[in-house]
Peer 1: 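Dumping the structure here so I can ask a few things about it.
One-based numbering, in listed order, for ligands and for the atoms of each. Positions are given from 1, in the same order as the sequence printed here. What you see is a predicted model; the values in this text were computed from it and never measured.
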Amino acid sequence: MALTVDQLVVEFPAGQAGKRRVLDIPAATFEDGSRLCLVGGSGSGKTTFLHVLAGIIRPTSGQVRHGDVDLFALSESARDRFRARHIGYVFQTFNLLQSLTALENIRIVQTLAQVRGKEAAEAAGRMLARLGLSERARALPRSLSVGEQQRVALARALINRPKVVLADEPTANLDSRLRDEALELLMAVTREVGSTLLLVTHDREVMQRFEVQKDLAELGR
Ligand SMILES: Nc1ncnc2c1ncn2[C@@H]1O[C@H](COP(=O)(O)OP(=O)(O)OP(=O)(O)O)[C@@H](O)[C@H]1O
Ligand SMILES: [Mg+2]
């Protein structure tokens with residue numbers, strides 16, 4: 001199920017009844033299992049683009065298709081279910097639920113995707129261990145360091161082994177060792193699953209791990 005966008009336009013309100021066009025992508029296709037490193041200046045629309053691909057914000061016009069599913073033709077609740085089952089998203093600002101522990105933040109997306117039972121609990125524990133977070137499993141997000149929060153956000157995005165992974169600066173707050181470990185995990189899981197990976201970064205070391213790097217402004221050209 002290739003991920004495709006068609007005639008995608010996003011405009012935001014700006015000033016008095018004005019609007020600003022942030023995205024304009026005539027067409028782009030991301031084949032199954034492909035990996036793309038997306039770059040571009042601050043404010044160029046990278047986060048907006050990932051949000052649209054995940055169905056988190058609705059474009060002003062145009063379409064996003066995951067395989068034969070037209071994302072914005074779905075009802076809001078169907079779109080939420082689709083995202084829970086098929087898309088792993090690492091938010092630039094983490095978006096962890098503040099009242100839940102690190103472990104619970106991961107368990108909840110398993111519940112949303114209807115993955116339950118002892119095996120699911122063990123998988124969540126293993127994922128935290130792979131990111132060096134076992135000892136922090138019962139900590140609330142506000143008591144985690146920024147890098148720890150980022151790793152919980154990554155664990156949450158990968159736990160359901162989704163077919164599409166959208167990662168917005170997923171290593172921006174990690175030191176070089178943790179960055180390498182996090183990237184390795186990201187690469188390993190997406191390789192095992194055959195997931196499509198779109199990753200946004202400003203970090204040259206991260207860019208170098210990708211065969212394909214594209215500036216958002218050149219997408220679809
Ligand atoms: N909800 C919104 N309302 C109005 N303008 C918005 C909204 N969200 C984003 N923008 C604007 O759209 C532009 C693109 O924002 P976006 O967050 O996608 O950039 P980015 O490429 O991810 O930047 P960065 O590298 O700093 O994360 C910015 O100029 C931003 O101010
Ligand atoms: Mg951004």
Side-chain angles (χ1 to χ4, degrees), residues 3-30 34-66 71-72 76 79-80 83 87-97 105 141 145-158 162 164-176 178-179 182-183 186 190 195-210 212-221:
L3 170 54
T4 57
V5 307
D6 191 21
Q7 303 296 335
L8 195 69
V9 172
V10 174
E11 292 172 340
F12 287 123
Q16 288 202 339
K19 56 194 175 178
R20 207 155 64 83
R21 187 164 285 206
V22 170
L23 281 183
D24 185 352
I25 302 174
T29 299
F30 310 100
S34 60
R35 286 178 175 167
L36 173 70
C37 179
L38 201 57
V39 301
S42 180
S44 62
K46 304 178 300 296
T47 296
T48 304
F49 183 52
L50 294 192
H51 279 163
V52 172
L53 293 181
I56 295 165
I57 63 171
R58 180 183 280 278
T60 309
S61 59
Q63 285 179 325
V64 174
R65 281 206 188 77
H66 288 258
L71 200 55
F72 293 98
E76 201 171 319
R79 195 158 51 246
D80 288 345
R83 186 183 318 116
I87 302 176
Y89 198 106
V90 188
F91 289 89
Q92 188 170 11
T93 50
F94 319 138
N95 288 14
L96 299 176
L97 294 170
N105 264 282
S145 77
V146 176
E148 286 169 343
Q149 292 177 56
Q150 183 147 50
R151 281 176 283 154
V152 174
L154 179 61
R156 181 181 59 180
L158 296 178
V164 174
V165 176
L166 305 173
D168 200 351
E169 307 249 19
T171 61
N173 300 287
L174 306 181
D175 64 36
S176 57
L178 287 172
R179 175 196 64 203
L183 263 184
L186 194 54
T190 51
S195 331
T196 305
L197 171 64
L198 266 69
L199 181 145
V200 168
T201 188
H202 289 292
D203 182 342
R204 298 208 169 273
E205 296 274 334
V206 176
M207 291 175 203
Q208 282 167 9
R209 313 288 172 91
F210 285 76
V212 188
Q213 298 141 14
K214 259 197 183 160
D215 196 295
L216 182 65
E218 291 161 6
L219 256 195
R221 286 195 200 143

Peer 1: Please identify which atoms of ligand 1 are closer than 4.0 Å to at least one heavy atom of Val22.
Peer 2: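 Answer for ligand 1: 12 (O), 13 (C), 14 (C).
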Peer 1: Do me a favour and list the nearest non-hydrogen protein atom to atom 15 (O) of ligand 1 with residue, atom name and distance?
Peer 2: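 Answer for atom 15 (O) of ligand 1: Thr48 OG1, 3.7 Å.
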Peer 1: Between Leu3 and Val64, is there a side-chain heavy-atom distance shorter than 4.5 Å?
Peer 2: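 Touching, per the 4.5 Å side-chain cut-off.
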Peer 1: Output yes when the distance from some N or O of ligand 1 to some N or O of Glu169 is under 3.5 Å, and no in every other case.
Peer 2: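 N/O-N/O distance under 3.5 Å: no.
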Peer 1: Any idea which atoms of ligand 1 are less than 4.0 Å away from a heavy-atom of Ser44?
Peer 2: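 In order of numbering, the contacting atoms are 19 (O), 21 (O).
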Peer 1: Which residue and atom name correspond to the protein heavy atom nearest atom 25 (O) of ligand 1, and how close is it?
Peer 2: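 For atom 25 (O) of ligand 1, the nearest protein heavy atom is Lys46 NZ, 2.7 Å.
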Peer 1: Side chains of Leu50 and Phe91, heavy atoms from C-beta outward: is any pair under 4.5 Å?
Peer 2: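 When only atoms from C-beta onward are counted, Phe91 and Leu50 do not touch, as no gap falls below 4.5 Å.
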Peer 1: Could you establish whether Ala14 and ligand 1 come within less than 4.0 Å of each other, counting only heavy atoms on the residue side?
Peer 2: no
Peer 1: Give yes if a backbone or side-chain nitrogen or oxygen of Gly43 is under 3.5 Å from a nitrogen or oxygen of ligand 1, and no if not.
Peer 2: yes
Peer 1: Flag Gln92 as yes if one of its N/O/S atoms falls below 2.8 Å of the Mg ion (ligand 2), otherwise no.
Peer 2: yes
Peer 1: Is the shortest side-chain heavy-atom distance between Phe210 and Thr201 below 4.5 Å?
Peer 2: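 Phe210 does not reach Thr201 side chain to side chain.
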Peer 1: Sort out for me which residue in Gln213, Arg179, Glu169 forms a side-chain contact (heavy atoms from CB on, under 4.5 Å) with Val206.
Peer 2: Arg179
Peer 1: Do Phe30 and Val212 come within less than 4.5 Å of each other through their side chains, counting heavy atoms only?
Peer 2: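 Result no, sub-4.5 Å side-chain heavy-atom pair not found.
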Peer 1: Check each atom of ligand 1 against the heavy atoms of Thr47 and keep those under 4.0 Å away; list them by number with element.
Peer 2: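 Near Thr47, meaning under 4.0 Å from one of its heavy atoms, ligand 1 has 17 (O), 18 (O), 20 (P), 22 (O), 27 (O).
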Peer 1: Please examine the side chains of Leu96 and Arg156, heavy atoms only from C-beta on, and report whether any two atoms are closer than 4.5 Å.
Peer 2: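 The answer is yes, as the side chains (C-beta and beyond) meet within the 4.5 Å cut-off.
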Peer 1: Which atoms of ligand 1 have any heavy atom of His202 under 4.0 Å away?
Peer 2: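 Once the distances to His202 are compared, the set is 25 (O).
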Peer 1: Could you check whether any heavy atom of Gly40 sits closer than 4.0 Å to an atom of ligand 1, since that is the contact criterion I want to use?
Peer 2: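 Checking ligand 1 against Gly40, which is what was asked, there is no heavy-atom contact under 4.0 Å.
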Peer 1: In the protein, which heavy atom is nearest to atom 29 (O) of ligand 1, and how far is it?
Peer 2: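 Atom 29 (O) of ligand 1 sits closest to the protein heavy atom Arg20 NH2, 2.6 Å.
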Peer 1: Which option, Ala172, Ser42, Gly45, owns the non-hydrogen atom nearest atom 26 (O) of ligand 1?
Peer 2: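 Closest candidate by heavy-atom distance is Ser42.
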Peer 1: For a 4.5 angstrom cut-off between non-hydrogen side-chain atoms, does Leu219 reach Phe49?
Peer 2: yes
Peer 1: Mind checking whether Ile87 and His66 have side chains closer than 4.5 Å, heavy atoms only?
Peer 2: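 Yes, their side chains come closer than 4.5 Å.
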Peer 1: Does any N, O or S atom in Thr48 come within less than 2.8 Å of the Mg ion (ligand 2)?
Peer 2: no
Peer 1: Give the atoms of ligand 1, by number and element, whose distance to some non-hydrogen atom of Gly41 is under 4.0 Å.
Peer 2: 21 (O)
Peer 1: Among all protein heavy atoms, pick out the one at the shortest distance from atom 1 (N) of ligand 1; state its residue, atom name and that distance to 0.1 Å.
Peer 2: Phe12 CE2, 3.7 Å
Peer 1: With side chains defined as the heavy atoms from C-beta onward, is the minimum distance between Ile25 and Leu216 less than 4.5 Å?
Peer 2: yes
Peer 1: With a cut-off of 4.0 Å, which atoms of ligand 1 are near a heavy atom of Gln92?
Peer 2: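 What qualifies from ligand 1 is 27 (O).
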Peer 1: Would you find a donor on one side and an acceptor on the other, under 3.5 Å apart, between the side chain of Lys46 and the backbone of Gly40?
Peer 2: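 Flag set: sc Lys46 to bb Gly40 pair under 3.5 Å.
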Peer 1: Just by modelled atom types, is the Ala54 backbone N or O under 3.5 Å from a matching donor or acceptor in the Arg83 side chain?
Peer 2: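 Looks like yes, one N/O pair under 3.5 Å.
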